[in-house]
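Below: one structure, written as structure tokens.
Per chain, numbering begins at 1; letters A, B, ... match sequence-line order.
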There are 2 protein chains.
Amino acid sequence: MADNVTIITVARRAQVSRQTVSNVLNTPHLVREETRERVRRAIEELGYRANQAARQVRTGRSQTLAVRIEPTRDGINSLVLDRFLHGLTVAAASVGYRVMLYAAADDDAEVATYADLLAAYDLDAFVLTDTHHGDIRTSWLAERGVPFVTFGRPWGAPESHPWVDVDGAAGTAAATRRLLDIGHERIGFLGWPPGNAVGDDRRAGWASTVGPEFADLSRFTADDVAEGEAAARDLLSIPDAPTALVCASDSLAAGAFAATRGTGVAVIGFDDTPVAGVLGLTSVAQPLTEAAARCMDLLTGVLDGGITPEPVLLQPTLVIRESA
Amino acid sequence: MADNVTIITVARRAQVSRQTVSNVLNTPHLVREETRERVRRAIEELGYRANQAARQVRTGRSQTLAVRIEPTRDGINSLVLDRFLHGLTVAAASVGYRVMLYAAADDDAEVATYADLLAAYDLDAFVLTDTHHGDIRTSWLAERGVPFVTFGRPWGAPESHPWVDVDGAAGTAAATRRLLDIGHERIGFLGWPPGNAVGDDRRAGWASTVGPEFADLSRFTADDVAEGEAAARDLLSIPDAPTALVCASDSLAAGAFAATRGTGVAVIGFDDTPVAGVLGLTSVAQPLTEAAARCMDLLTGVLDGGITPEPVLLQPTLVIRESA
DNA sequence: TGCGATGATTGGATCGTTCAAGTTGTGTGA
DNA sequence: TCACACAACTTGAACGATCCAATCATCGCA
């Protein structure tokens, strides 16, 4: 469509120079009000939009964030990323940024693409998800001074960077309290094998709420429905078996749900995925839109202010359904 | 990190002019082999990556596709987009394109942002998902000559554009045949209210396989688990009730599954979402990675060759689980 | 030997924007 | 009256690439 509307077209129409138009857009206080209005009108009438690529060539800033899109990992939980991405796109757009996707098979491959992405696209920042123990990505970026935010705490890492996370322990604690409130006294926990930071955190929320005397009411297994079911059966077959289960994920909860059908044992899952809705599972919900917005807030702090903002820890909420 | 490696740095290192370096990258056949190798070595040694923004300013092409990211709509099915996005990002990267996200509340809002996106970012193409009857988006883009591909047929639209879709009717037909094969004779269908093109298509696959005499073995309802359960109960309470159900979505299938528990009635869902995995539902799976790759193929046809490629209709597969 | 064709390489102009350094005009204070 | 500060605006250069036309060799052929 011969998009010939450049800053010069606008300048001619408003009878000013290129630079004045540029000033109206970027540093309006330098321009007299009357002139500013005239330029604004010309922009409006011509439907002018600043060419981001040209701006980027000159300034070296792309107004672009990069986010890795994961292949579906374990099925159920990838839905979390989907909602986070949507929130991030909206939040970014509202402050003039855009979101670009990249794919990588694993962390090593991801680090290998950083250099390419940065050199070719002048990315302003990265948003990392799923941080974990010994994450090589954060140190690579930090060493090179590349701005980034993580959705997930810097588990065990000494160096600190801006991050947003949801308090998983608080989530499982709330789930446990809910079960206590509705009369359960022996509450078990179904989680992932120790060593996974997120999983350990979720277990800790349960453990601190029930107290140390119930430590043996927990089982660990891979994040899989069938394994969850088996572990739940095992846990329910012991003497003084629990009458309620808190689970580290909706996958495990779905398994537990199958194992407890008809027994009246209560089950609570984590992440409030569609599976929870379908099964009628009470589940801990992460405020993903809010998390995305906060990531963007932190990033604007880093990018515009040059400050290192304080991390943000958000509280999850419990979505109550029939299962507990 | 003063990323000062530009085309000139490379040129100096290889003792050639800027233009020769550019030629090595874009039109290598114009450069003598010996020179080409020398330049390639210099590029390698310096870790040079062409600056996309600068290229874009000159050529007007951004090597960027835009895809809308949806808020979670009805819960279960949004997972489809997630996997499609991943496939598209990978396919795009392999041919030098990147994927940018944008959000829009509805089709009108989406059309309103097109002009902005195009002018500001020189997008090369759009990938649209969820096409439907009377889609205003395709006509807007087609009128202005903006390249695009849809994942979804141009339902009922006269004008034709490149598209990729999965044969929903073939999917429900395969599901129906599967049920016939394992001995069922009265097979019902649970779908969405007529008027939704995708839904009508899925119904047609069932209808043509069972034959017209079974037309009253179908029920329509919103895409919701509870409504699906109610509709299934209704269908199963009639005289000569069906012994198996084909459903237009996993949401409906999840409802049907709840309604039929313990009755031995078989159920097949659609989209092979995690819910199907959890419930053990047999479900029709769309080849999303393949679909994304084909979208990219069509786009390169449009963008590089200027041709209007033939549409692609992919076949879904049936993932067999315990429910049928 | 001279000339045109072809292949390989080069230098200037350009894309649309912002930065940096100018130019103009007006008002203030000594 | 003159110097000076300051606000408002303009002009030239630059960002890093590609397009285009020009140059320089090389070679075959009359």
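The separation between Asn26(A) atom CG and dC19(C) atom P is 7 Å, rounded to whole Å. In this structure, Asn23(A) places its CG atom 14 Å from C1' of dA21(C), rounding to the nearest Å. Between the CD atom of Glu34(B) and the C1' atom of dG7(C) there is a distance of 14 Å, rounded to whole Å. Across the protein-nucleic acid pair, Leu30(A) atom CG and dT23(C) atom P stand 19 Å apart, rounded to whole Å. The distance between atom OH of Tyr121(A) and atom P of dA17(D), rounded to the nearest whole Å, is 13 Å. For the pair Arg58(B) CZ and dG16(C) P, the interatomic distance rounds to 9 Å; values are reported in whole Å. If you measure from atom CD1 of Ile8(B) to atom P of dT9(C), you get 18 Å, rounded to the nearest angstrom. One atom, CD of Gln52(B), and another, P of dA17(D), lie 10 Å apart when rounded to the nearest Å.
For Arg55(B), a side-chain nitrogen or oxygen approaches OP1 or OP2 of dT18(D) to under 4.0 Å. Dashed line: the shortest gap from a side-chain N or O of Thr59(A) to OP1 or OP2 of dC15(D) is not under 4.0 Å. Contact annotation: Tyr48(A) reaches the phosphate of dT17(C) (side-chain N/O to OP1 or OP2, under 4.0 Å). Residue Asn51(B) places no side-chain N or O under 4.0 Å from the OP1 or OP2 atom of dC15(D). Phosphate proximity of dC15(D) to Thr6(B): absent, as no side-chain N or O sits under 4.0 Å from OP1 or OP2.
When the nucleotides dG12(C), dT10(D), dG16(D) are ranked by their closest atom to the side chain of Arg18(B), dG12(C) comes out on top. With dA17(D), dG11(C), dG16(C) as the candidates, the nucleotide lying closest to the side chain of Ser17(B) is dG11(C). Comparing dT18(C), dT9(C), dC15(C) by their closest approach to the side chain of Thr20(B) singles out dT9(C). Among dT9(C), dT18(C), dC19(D), the nucleotide with an atom closest to any side-chain atom of Gln19(B) is dC19(D).
Using a 4.0 Å heavy-atom distance criterion, Ala50(A) is classed as a sugar-phosphate-only contact.
The aromatic rings of Tyr102(B) and Tyr114(B) lie perpendicular to each other, with more than 60° between the two planes, well past the 30° mark.
Two residues, Ile7(A) and Glu33(B), neighbour DNA chain C, and the one matched to the more 5' nucleotide by heavy-atom proximity is Glu33(B).
Using a distance-only test at 3.5 Å, with no hydrogens or angles considered, no donor-acceptor pair links the side chain of Thr64(B) to the main chain of Tyr121(B). With hydrogens and angles disregarded, no donor-acceptor distance shorter than 3.5 Å links the side chain of Asp124(A) to the backbone of Arg61(A).
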Next item on the list: Mind running ring pair (Phe, Tyr, Trp, His ring centres under 6.0 Å) on Phe151(B) and Trp163(B) for me, showing each step along the way?
Entry: CA-CA 6 Å; Phe151(B) 177 35; Trp163(B) 55 264; over 10 Å; no
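In terms of heavy-atom proximity, Leu88(B) sits nearest to Ala292(B) at N-CB, 3.3 Å.
Between the side chain of Arg49(A) and the base of dG16(C), no donor-acceptor pair under 3.5 Å is found.
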